[in-house]
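A quick note: this is a predicted structure, and the numbers were derived from the prediction, not measured. Whatever order the structure lists them in is the order used to number ligands and atoms, beginning at 1. We count residues from 1, following the sequence as given.
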Amino acid sequence: MSCENLIEIDNLTKEFFQYKSPFHNVYSLLTNTNNAEIGKFTAVNNVSFTIKKGERVGIVGANGAGKSTILQLIAGTLKATRGTINVNGRVAALLELGAGFNPEFTGMENIFLYASLLGIDKDVIKTRIDDICNFAEIGDFIQRPVKTYSSGMFVRLAFSVAINVNPDILIVDEALSVGDYLFQTKCHRAFELFQERGGTVLFVSHDLTAVRNTCDRAILIDKGCLLLDDKPDVVVNSYMELMKTKEIQWLKSQDILRSEYRFGTGGGKVSEVIVCTENADDVAEVNAGEDLIFKITLELTIEFNNPIFTLALRNTSGIDVWGFNNKNMGLSISPGKGKRTITVKVPNHLAVGAYTINAGLADTLHNSSYEEHDHRWGMKILSVVGSTKTFGFINMNPRILQYEDSINDD
Ligand SMILES: Nc1ncnc2c1ncn2[C@@H]1O[C@H](COP(=O)(O)OP(=O)(O)OP(=O)(O)O)[C@@H](O)[C@H]1O
């Protein structure tokens, strides 16, 4: 093992047995046989990486990707099926709420228990009690059983012990996310100080901003495999693209989303909304930045007073990202019976992702109220694909007007 590397992981694989039921699982444990297993599941697949002393590395990936399993393998709470893990130093791990703590013991008793698990002498820990209690800020609760703690109080104590026992490597699995904002800020500062003293941090997080802003490196895990090991920005952008692709695939597979919800009194209808681009007609997928053309067909079967047509694109969080109606575009739709076609061209500033097309035809009555004739929610799904050049809901197409560099070489 290189003296620089605190963690070296080589071809790490973890397989879990799958059982027909929890009963079969227990049976297999009691009899020490694998007769009851119905298969194996590979949670971590041939993963290799190294972590150098003083590095702060974030692991990102979708739910179930295998991130926590990797941390548990490094912390030694799980045994690898294949591959090697070399850890050169003392590891303090915050893996899941409750791990390493006895719920019946008081906070104070748990400090000693946890420290003994890390191999720290009782006398040494006594000298750090004040620091631990001051950092945790849980007051008299330190003398109460931890089963009476809120999850936030629990994390405060666990983090405080972990950071104050001078580990070489701190492994954290999303644990900070249950602490309140002030405590999270305090933990990030403590992380910085820990690192300034030469400590090494490996953490799993779904907080991509924290990974971007606070890590030296990031690792992307997908379906148990290591996809990318690079600078945080590069990894976070790739992960966001991967999630968008997954989101689009997921959305397309959802029957409930594909089937539209339609209501209205039926005096007229939105017969069709076709999405086109300059190069193709009737598309379900467009490139980011490619102008959109909507070809809309309405049919009025009764005389309207003042027809109004609305169209909106809704993202997967249910937010209308963009919409318009003919009135605010200065277009009047004539009220008599018959067919109308409207073609609208729209510059495409949409972020990469999936959108449902929602359209409605209503009549504005004399008393200014509306009668909904045909409302179509989730008529179609429109996917915007391409590489992510922005984050948020839209791409504002920023352009750099000026850049000045006043760094002196001498
Ligand atoms: N003890 C276990 N027995 C069987 N399968 C397990 C076990 N622990 C984890 N798994 C499976 O291994 C896969 C990876 O789980 P893991 O908890 O490592 O994912 P993760 O990336 O940390 O996910 P999340 O972001 O949701 O915390 C999941 O499919 C999970 O169901």
**OP:** Flag the pair Phe112 / Phe105 as yes when their ring centroid distance falls below 6.0 Å, and as no otherwise.
**Re:** no

Subject >> Partners passing salt bridge (Lys or Arg N to Asp or Glu O under 4.0 Å) against Lys345 (at least two apart in sequence or in another chain) >> reply: Glu278, Asp291

Original post:
Residues two or more places apart in sequence or in another chain: which of them pass side-chain hydrogen bond (donor to acceptor under 3.5 Å, both in side chains) with Thr265?
Top reply: Glu371, His373

Subject >> Result of checking Val165, Ile125, Asn164 against Ile111 for side chain to side chain contact (heavy atoms under 4.5 Å, CB included) >> reply: Ile125

Are there any protein N or O atoms under 3.5 Å from the N or O atoms of ligand 1? List them with distances, or say none.
| from | atom 1 | to | atom 2 | distance (Å) |
| --- | --- | --- | --- | --- |
| ligand 1 | 18 (O) | Ser68 | N | 3.4 |
| ligand 1 | 18 (O) | Thr69 | N | 2.9 |
| ligand 1 | 18 (O) | Thr69 | OG1 | 2.5 |
| ligand 1 | 19 (O) | Gly66 | N | 3.3 |
| ligand 1 | 21 (O) | Ala65 | N | 3.0 |
| ligand 1 | 21 (O) | Gly66 | N | 2.9 |
| ligand 1 | 21 (O) | Lys67 | N | 2.9 |
| ligand 1 | 21 (O) | Lys67 | NZ | 2.8 |
| ligand 1 | 22 (O) | Ser68 | N | 2.9 |
| ligand 1 | 22 (O) | Ser68 | OG | 2.6 |
| ligand 1 | 23 (O) | Gly64 | N | 2.7 |
| ligand 1 | 25 (O) | Asn63 | ND2 | 3.2 |
| ligand 1 | 25 (O) | Lys67 | NZ | 2.7 |
| ligand 1 | 25 (O) | His206 | NE2 | 2.9 |
| ligand 1 | 26 (O) | Asn63 | ND2 | 2.9 |
| ligand 1 | 26 (O) | Gly64 | N | 3.4 |

Subject >> Distance flag, aromatic centroids of Phe393 and Trp322, threshold under 6.0 Å >> reply: no

**OP:** For Arg262, check salt bridge (Lys or Arg N to Asp or Glu O under 4.0 Å) against everything at least two apart and list the hits.
**Re:** Asp374

